[in-house]
Amino acid sequence: MTNKLPPGQFETQKWPILHQGDVYPFNESTWKFKLFGEVKKELELSYQEVMELPKTISSIDMHCVTTWSKFGNSFEGIAFREFLNLIHINDGVKYVKIYGYYNGDPFGYSANLPLNALLGDDSLFVYKWKDEQRNWQEITPKHGYPLRFIPPAAFYLWKGSKWVSGIRFMKEDEEGFWEELGYSMTANPFKEERYR
Ligand SMILES: Nc1nc2c(c(=O)[nH]1)N[C@H]1C(S)=C(S)[C@@H](COP(=O)(O)O)O[C@H]1N2
Ligand SMILES: [Mo]
């Protein structure tokens, strides 16, 4: 973790809210998390099955492409790599797409990321955060309850799908929601990779 402000960013203490479309209304009986794409066998997990996975607590800086950065955010969640332990991916998988709800469509939002960047403690599907008073809180519906992805600080925050619904494993890179609209595939804030 580096406390250096990436070029063109300013620091904020508050956690702003940004997304397209409606806030997803959580329903445990219909919520699923799907592991699919280049895998030997697809897997669908219930909310309970996901929440029983091992927990990780880590501090991750957030850099939003709209120019705010928020440092030292403590999150509790499930590391990306825990999901890799549940499935067999095909040889040659190098990319993933992490999906989230968009106006009722569970796969309406997505962001692409390179698999090898997501194997550490700083690549987390989060459900709790430590607020300004240092109290642990569930993340609010507007921040992605019941589960949202926080990418490593080497990626702009649009790569962090809220209201996540699954991970697709891919051999070739492929645009997600913002990438199709002209945003960067690699999205490194320290290289100011905003657009392409
Ligand atoms: N499902 C979904 N996830 C999303 C978005 C969205 O529109 N839909 N917006 C992204 C963008 S552009 C940003 S900057 C972050 C903002 O997260 P925050 O509102 O918790 O700060 O969520 C990302 N995840
Ligand atoms: Mo964003």
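As the structure lists them, so they are numbered: ligands from 1, and atoms in each ligand from 1.
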Subject >> Check: K55 side chain, M51 main-chain N or O, donor-acceptor pair, under 3.5 Å >> reply: yes
Original post:
If you count only heavy atoms, which residues are under 4.0 Å from ligand 1?
Top reply: W15, P16, I17, L18, H19, Q20, C64, W68, Y101, Y109, H143, R148, L157, W158, G160, S161, K162, W163, W178
**OP:** State which residues pass side chain to side chain donor-acceptor pair (under 3.5 Å) with K70; sequence neighbours excluded, sorted by chain then number.
**Re:** N73
Subject >> K162: salt bridge (Lys or Arg N to Asp or Glu O under 4.0 Å) partners, not counting sequence neighbours >> reply: none
Original post:
Under the salt bridge (charged side-chain N to carboxylate O under 4.0 Å, His left out) rule, what pairs show up with a residue in residues 38-51, not counting sequence neighbours?
Top reply: E38-K171
**OP:** Would you check if V164 and I98 make a side-chain contact, meaning some heavy-atom pair closer than 4.5 Å?
**Re:** yes
Original post:
Rounded to the nearest 0.5 Å, how far does CZ of F149 lie from CG of L113?
Top reply: 6.0 Å
